[in-house]
Amino acid sequence: MLVRLAIDYEHESRRWWDNGGQDLWDAVLESEGAKDVILDQALADSWLAQAGTIEGWNDGHEYAPHPVTLHTVDEDVDV
């Protein structure tokens, strides 16, 4: 199953990005500066587990708790 990781722009804190999150995000992107990426579910789960260990991951408001969100990808969509 494929999923999409995307930057949550409603997450206002920069602490996660400044503490190593930016490097982790850049490492999974297919193109520099992308705002989202399509991954296999297992890889995305592994990435999210690592992302959650970086200080600042939970700094957002209730409606945007993390700097990156996970979304399912419709199987009918070409990726």
Side-chain angles (χ1 to χ4, degrees):
M1 176 205 273
L2 296 177
V3 296
R4 180 172 65 96
L5 296 178
I7 295 173
D8 188 344
Y9 290 101
E10 292 186 343
H11 180 91
E12 297 175 352
S13 175
R14 288 285 314 161
R15 197 161 65 119
W16 182 82
W17 297 99
D18 295 340
N19 286 325
Q22 184 69 59
D23 291 335
L24 183 63
W25 179 249
D26 291 345
V28 76
L29 295 182
E30 293 179 10
S31 63
E32 186 176 334
K35 63 178 181 150
D36 63 1
V37 63
I38 304 293
L39 300 172
D40 178 74
Q41 178 75 57
L43 180 56
D45 289 343
S46 174
W47 188 93
L48 287 166
Q50 188 172 358
T53 66
I54 297 173
E55 190 176 344
W57 178 251
N58 294 308
D59 284 358
H61 297 287
E62 185 176 317
Y63 58 87
H66 312 297
V68 175
T69 59
L70 174 72
H71 307 275
T72 59
V73 174
D74 188 349
E75 292 181 18
D76 296 334
V77 175
D78 286 335
V79 288

Between Gln22 and Asp26, does the side chain to side chain donor-acceptor pair (under 3.5 Å) criterion hold? Intermediate values first, please. CA-CA 6 Å; Gln22 184 69 59; Asp26 291 345; 2.9 Å; yes

For the pair Asp36 and Ile7, evaluate side chain to side chain contact (heavy atoms under 4.5 Å, CB included) and give the outcome as yes or no after the intermediate values. CA-CA 6 Å; Asp36 63 1; Ile7 295 173; over 6 Å; no

Determine, stepwise, if the pair Leu48 / Trp57 fulfils side chain to side chain contact (heavy atoms under 4.5 Å, CB included). CA-CA 10 Å; Leu48 287 166; Trp57 178 251; 3.9 Å; yes

Stepwise side chain to side chain contact (heavy atoms under 4.5 Å, CB included) check, His66 with Trp16: CA-CA 9 Å; His66 312 297; Trp16 182 82; over 6 Å; no

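Judged purely by atom type and a 3.5 angstrom limit, Trp25 has no side-chain atom pairing as donor or acceptor with the backbone of Ala51. Checking side-chain atoms of His71 against main-chain N and O of Arg4 turns up no donor-acceptor pair under 3.5 Å.
With sequence neighbours left out, the side-chain hydrogen bond (donor to acceptor under 3.5 Å, both in side chains) criterion links Arg15 to Glu55, Asp59.
Pairing each heavy atom of Val3 with each of Ala44, the nearest pair is CG2-CB, 3.4 Å.
Atoms CG and CG, on Asn19 and Leu24 in that order, are 12.5 Å from each other to the nearest 0.5 Å. Atoms CG and CG, from Leu2 and Leu39 in turn, are 8.5 Å apart once rounded to the nearest 0.5 Å. From Glu30, atom CD reaches atom CD1 of Ile38 across 8.5 Å, with rounding to the nearest 0.5 Å. Going from atom NE2 of His61 over to atom CD of Glu10 covers 9.5 Å, rounded to the nearest 0.5 Å.
Side-chain contact check for Gln41 and Asp45: at least one donor-acceptor pair (N or O, by modelled atom type) lies under 3.5 Å.
A continuous path of hydrophobic side-chain contacts links Leu29 to Trp47 [ILVMFWY only; heavy atoms under 4.5 Å].
The closest side-chain heavy-atom distance from Val68 to Trp17 is below 4.5 Å.
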